[in-house]
> 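To start, I am sharing the structure in question, which I have written as structure tokens.
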Amino acid sequence: IAGTTDHITPWEAVYNTANLFGAKTTFILSNSGHLQSLLNPPGNPKSWFMKGEAKQAVEKWSETAVKHEGSWWGRWGKWLAKRSGKKIPAREIGDSEHPALAEAPGTYVIGCPKV
């Protein structure tokens, strides 16, 4: 995965790296920058991504990849689910030796100054 406006790792360079893994490698191009391309949860009406196999030159990929509206997370979740095995219940947080300090997201988040 890469972001269209990433100034640290340009998406074309990320694609060329993905291309080294062979024709069955899927490449996702998200419409955001460095961290925004990864932290792109469902619900943002401005989100979109492109998806295609990394098996050709970068210029050709951008012409043939399929554009999808919304976040790429839903498709990634389905991909993970197929490969993750049986679901198990989450365990309770904390124990007698290490009790939970607070419910998520934690009191340190609530007390953070706004930036």
Side-chain angles (χ1 to χ4, degrees):
I1 183 164
T4 57
T5 59
D6 190 338
H7 63 284
I8 298 172
T9 50
W11 78 265
E12 296 89 348
V14 178
Y15 175 84
N16 287 331
T17 301
N19 197 317
L20 296 174
F21 291 105
K24 292 190 177 188
T25 302
T26 300
F27 182 72
I28 303 287
L29 179 61
S30 180
N31 71 320
S32 299
H34 188 65
L35 288 175
Q36 298 92 337
S37 62
L38 298 177
L39 305 176
N40 195 358
N44 180 350
K46 296 179 182 178
S47 293
W48 57 263
F49 66 96
M50 294 174 69
K51 177 183 174 189
E53 288 185 344
K55 64 180 182 179
Q56 54 204 349
V58 68
E59 299 82 13
K60 191 72 172 166
W61 181 90
S62 62
E63 294 171 8
T64 59
V66 178
K67 185 175 179 179
H68 302 274
E69 297 300 319
S71 172
W72 58 271
W73 284 17
R75 290 176 190 263
W76 182 55
K78 290 175 186 173
W79 183 90
L80 284 175
K82 283 192 224 177
R83 294 159 176 79
S84 297
K86 184 180 136 190
K87 284 188 174 186
I88 59 172
R91 67 177 186 86
E92 292 294 319
I93 297 174
D95 58 28
S96 60
E97 187 177 351
H98 302 96
L101 300 176
E103 292 292 319
T107 55
Y108 68 94
V109 174
I110 295 167
C112 285
K114 293 185 179 179
V115 181

> Return the minimal non-hydrogen interatomic distance between Thr25 and Ala18, and the atom names on each side.
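Minimum heavy-atom separation between Thr25 and Ala18: CG2-O, 3.7 Å.
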> I'd like to know if the side chain of Asn16 reaches the main chain of Val58, judged simply by a donor and an acceptor atom lying under 3.5 Å from each other, with no hydrogens or angles considered.
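No, the answer is negative, given that no donor and acceptor are paired below the 3.5 Å cut-off.
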> Provide the closest heavy-atom pair for Glu97 versus Asp95 in the form atom of the first, atom of the second, distance.
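Reported closest heavy-atom pair: N-OD1, 2.9 Å.
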> Calculate, to the nearest 0.5 Å, the distance between atoms CZ and CD belonging to Phe49 and Glu69 respectively.
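Spacing of CZ (Phe49) from CD (Glu69) equals 9.5 Å.
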> So, taking the atom named CD in Glu12 and the one named CG in Leu29, what distance separates them when rounded to the nearest 0.5 Å?
8.0 Å
> Given Ser47 and Trp73, is the side-chain contact (heavy atoms from CB on, under 4.5 Å) satisfied, shown in steps?
CA-CA 11 Å; Ser47 293; Trp73 284 17; over 6 Å; no
> Heavy atoms only: give me the nearest Met50-Ser62 pair and the separation to one decimal.
CE-O, 3.6 Å
> Any chance the rings of Trp72 and Trp79 have centres within less than 6.0 Å?
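Trp72 vs Trp79: aromatic centres not under 6.0 Å.
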> Could you check whether any side-chain heavy atom of Tyr15 comes within less than 4.5 Å of a side-chain heavy atom of Gln56, counting everything from C-beta outward?
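Yes, at least one pair of side-chain atoms sits under 4.5 Å.
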> Flag the pair Ser71 / Pro41 as yes when at least one side-chain heavy-atom distance between them is below 4.5 Å, and no otherwise.
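Sidechains of Pro41 and Ser71: no contact.
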> Mind checking whether Trp61 and Phe27 have parallel, tilted or perpendicular rings, split at 30° and 60°?
perpendicular
> The test is side-chain contact (heavy atoms from CB on, under 4.5 Å); show your working for Ile28 and Lys51 and say whether it passes.
CA-CA 5 Å; Ile28 303 287; Lys51 177 183 174 189; 3.6 Å; yes
> How about CD on Glu92, more than 12 heavy atoms from neighbouring residues, nucleotides or ligands closer than 6.0 Å, or not?
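Atom CD in Glu92 is not crowded, with 12 or fewer foreign heavy atoms closer than 6.0 Å.
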> If you count every heavy atom of other residues, nucleotides or ligands that lies below 6.0 Å from Leu20 atom CG, does the total exceed 12?
yes
> Is the CG atom of Leu39 crowded by more than 12 outside heavy atoms at less than 6.0 Å?
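Yes, the 6.0 Å shell around CG holds more than 12 heavy atoms from other groups.
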> Can you name the closest pair of heavy atoms from Ile1 and Leu38 and give their distance?
CG2-CD2, 3.4 Å
> Apply side-chain contact (heavy atoms from CB on, under 4.5 Å) to residues Thr4 and Trp48 and explain how you reach the verdict.
CA-CA 11 Å; Thr4 57; Trp48 57 263; 3.8 Å; yes
